[in-house]
There are 2 protein chains.
Amino acid sequence: MVTIKDIAKIAGVSPSTVSRVVSNHPRISHETSRKVKAIMEELGYHPNIMAKSLVSKTTQTLGILLPRPAEELFRNEFFGELLRGIVTQATSAGYDTLITTVTKDTDELMAISRLVRGQRVDGILLLSSRTSDPIIGFLQENKFPFVLIGRSDEFPDVLSIDNNNIQAAQDATNHLIRQGHTRIGFINGPSNLVVAQDRLEGYHKALSDANLSTRPEWITSVDMIQESGFRAMSGYMNQPERPSALVVFDDAIAFGVLRGLTELGYNVPDDISLISFNNNPLSELASTPISSVDIGIYHLGYTASQSLLRAAQGKPLPENQLILPHRLVVRQSSINQISKRS
Amino acid sequence: MVTIKDIAKIAGVSPSTVSRVVSNHPRISHETSRKVKAIMEELGYHPNIMAKSLVSKTTQTLGILLPRPAEELFRNEFFGELLRGIVTQATSAGYDTLITTVTKDTDELMAISRLVRGQRVDGILLLSSRTSDPIIGFLQENKFPFVLIGRSDEFPDVLSIDNNNIQAAQDATNHLIRQGHTRIGFINGPSNLVVAQDRLEGYHKALSDANLSTRPEWITSVDMIQESGFRAMSGYMNQPERPSALVVFDDAIAFGVLRGLTELGYNVPDDISLISFNNNPLSELASTPISSVDIGIYHLGYTASQSLLRAAQGKPLPENQLILPHRLVVRQSSINQISKRS
DNA sequence: GGATATAGTGCACACGTTTGCGCTTATTCA
DNA sequence: TGAATAAGCGCAAACGTGTGCACTATATCC
């Protein structure tokens, strides 16, 4: 490998000078700079990032923990899209992204600690979907730069990027109400996710604002596995007074719900309306195109990376909690062409 | 940050000894090892990987280039699943995964060169879906360890992990033939992808083995965007002698095709059968569950990472080109309950 | 024309780790 | 019992880069 010394020797200057050339130090003559740069180009020199980091204490790298497969939330395109946003932004700022994972959930803290203590990354992106997270505490104690994608009740002040999921669910529910529905159910995801709690809260809020009531039987929670949504339907529809519309936690579940309903002989949206979240690209291609709240996953990742870089470089942030906009994408599954229901 | 020297000072030994303790050097007394390890534990010591890499010339890191957004192939769960496989394996071997990307396709070589020349990673995973790739040449010249996920006509000898896509397409087509179909069409993906070419070849092979013929109009190629599959259908079905079954390049396209057909009044599978590839989790939840060839994406990533680590550590590989099995998942979209067609 | 500022460069040390070699002390062997 | 061997550890150099300080040569000032 060609080092700074090799360049120095050929150019007839000291290694220090070469180092200053690469970092565009002002006190280097134009002449020298040109000569050195030419030689670097010719020899295909690239600085050894390890050596650089060792002295500069900065790695030009962002860290992120890949969620465990167990979290079915990430079996769909969610994580890929998020990552695209993160990496795209990071790259454009000259940073790379380091991914690691764990085999046991209990090892998560260890993995993070390794990155932090080993000075492997300049900052960490946290996908803290769960309600309680020891990692946040650890990072705060160590004053290590990090950004939370999501929200934490336990630590409300940390840097975070999120949608207003309460509002989003409220909007979705209101949309159904405007369509004339009065009996609206909610099919939620895993209840230990903050986002699941938020969406449920938004649902309740919208109902009470409209003076509508709900029932415990109308609210159910399924795993993120698609079939669950499907299975959930058979019992659900046997209720004496069943909902005429459903808010569903995620498109993947909605797919299962839609299929389950169809199989049971119900028509969407004539018999029952549907609206969901995350706007999976396939949602518009479902047998009945599924209405969905687009939360801008890519943008979420992009913004998170941007904030983290600012924080890692010690730059001030306009505000600590960024809320990104969501967008209601209304499709056939929630458009009630026939008549208003009572 | 606590360094090896801090530990040494407290333990009353030399830094060398501490270093040997962490690497389990045989010539360290049990007593010393225990004492040093206790102190490391207490102070939360983690080795600085930059310093370590600097002398050991190894980074314990794998590199991968995130495909550009332009490659719609990766808008679905594909990349996420692949990454999960890669990172899981890498982590279990003590490696992390570094992701980088580019803003222009022409920068890809530069990005790779930066990783290689800057000694940022020990090996590189290539998602070379395209037919020609200058990166492969570069890595070969520099004798840098890398593994290709996919196949290269240009460089057939490089380390690679792939399915037998020709055989997979053959299997899919044969399945339709066994169902009694004689007019079988093919909806392909972007034609500059090796995998698209392979699947088309397998399709042709199966037909000619069964003495069946096809027509140019039966074969069409769409982008990976789902609507394309949808749009493609309107013209397609107006052919005088149209196929009674379709092989589709990817589930996302199949979703569009399925929806297009339904909208045009055709029933799947009664009027036209469908089989596709990649076995997207949502495929079984389509209005008509879509038959698909499962290519084991996670396993692909896992195996690729495994091979790369072997290569990076100079260990011999049993064979250079690994072919992973695929699996036909037959669902309703290709089961012909009514009658055989002529 | 001497003092002072300024541009341009080199020296030497630092970053945290690994590792070959050499030094002690204890053990084994004939 | 003396020599050879082995166990356990420290010294010092090295990895490639950044940077404070010092040094020289030139330009500027009064």
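Quick note on labels: first sequence line is chain A, next is B, and so on, each numbered from 1. The figures that follow rest on heavy atoms only: side chains count, while hydrogens, waters and symmetry mates do not. Note that the structure is predicted; figures quoted are calculated from it, not measured.
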**Message:** Taking the minimum atom-to-atom distance to the side chain of A:S16, which one of C:dT17, C:dG10, C:dT19 wins?
**Reply:** C:dG10

**Prompt:** If we only count heavy atoms from C-beta on, is the A:D162 to A:I149 side-chain gap below 4.5 Å?
**Reply:** no

**Message:** Can you measure A:R117 atom CZ to C:dG16 atom P for me and round it to whole angstrom units?
**Reply:** 15 Å

**Asked** Going through the checks in order, is the side chain to side chain contact (heavy atoms under 4.5 Å, CB included) test met by B:Y45 and B:I4?
**Response** CA-CA 8 Å; B:Y45 168 79; B:I4 225 172; 3.8 Å; yes

**Message:** For C:dG10 and A:S14 - does any side-chain N or O of the residue sit under 4.0 Å from the phosphate oxygens OP1/OP2?
**Reply:** yes

**Item:** Distance, rounded to the nearest Å, where B:I4 contributes CD1 and C:dT19 contributes P
**Value:** 11 Å

**Prompt:** With sugar-phosphate meaning primed atoms plus P, OP1 and OP2, does B:P47 contact a base, only sugar-phosphate, or nothing at under 4.0 Å between heavy atoms?
**Reply:** sugar-phosphate

**Asked** When you measure from every atom of DNA chain C, which of residues 20-42 of chain A have a heavy atom less than 4.0 Å away?
**Response** A:R20, A:R27, A:I28, A:S29, A:T32

**Item:** Position toward the 5' end of DNA chain D (nearest nucleotide), B:P15 or B:A51
**Value:** B:P15

**Message:** Using the side-chain contact (heavy atoms from CB on, under 4.5 Å) definition, which of the options B:T3, B:I10, B:V13, B:D6 pairs with B:V18?
**Reply:** B:V13

**Request:** Round to a whole Å and report the spacing from OH of B:Y45 to C1' of C:dG16.
**Result:** 8 Å

**Message:** By the definition side-chain contact (heavy atoms from CB on, under 4.5 Å), identify the one residue from B:K37, B:K35, B:H30, B:E31 that meets it with B:S33.
**Reply:** B:K37

**Message:** For A:T100 and A:R120: C-alpha separation, side-chain torsions, deciding distance, then whether side chain to side chain donor-acceptor pair (under 3.5 Å) applies.
**Reply:** CA-CA 11 Å; A:T100 190; A:R120 187 121 218 225; over 6 Å; no

**Request:** Consider only side-chain N and O atoms of B:S19 and B:S16, and report whether a donor and an acceptor are under 3.5 Å apart.
**Result:** no

**Message:** Rounding to an integer number of Å, can you tell me how far B:K9 NZ sits from C:dG16 C1'?
**Reply:** 13 Å

**Prompt:** When you check the phosphate oxygens OP1 and OP2 of C:dT18, does a side-chain N or O of B:K57 lie under 4.0 Å from one of them?
**Reply:** no

**Complete:** Between the CD1 atom in A:I86 and the OH atom in A:Y95, the distance rounded to the nearest 0.5 Å is 15.5 Å

**Item:** Nearest-Å distance for atom pair CG/P, residues B:N48 and C:dA14
**Value:** 17 Å

**Message:** Of all nucleotides in DNA chain D that come within under 4.0 Å of a heavy atom of chain B, which is furthest toward the 5' end and which toward the 3' end?
**Reply:** D:dA7 to D:dG16

**Request:** Let me see the working for A:D96 and B:R114 under salt bridge (Lys or Arg N to Asp or Glu O under 4.0 Å), right down to the final yes or no.
**Result:** CA-CA 11 Å; A:D96 290 322; B:R114 187 172 55 83; 3.1 Å; yes

**Among A:I135, A:L125, A:I136, the one residue meeting side-chain contact (heavy atoms from CB on, under 4.5 Å) with A:F146** = A:I136

**Asked** Checking all strands, does A:S56 fall into the base, sugar-phosphate, or nothing category for heavy-atom contacts under 4.0 angstrom?
**Response** nothing

**Message:** Considering every strand and a 4.0 Å limit on heavy-atom distances, what is the contact class for A:V18: base, sugar-phosphate, or nothing?
**Reply:** nothing

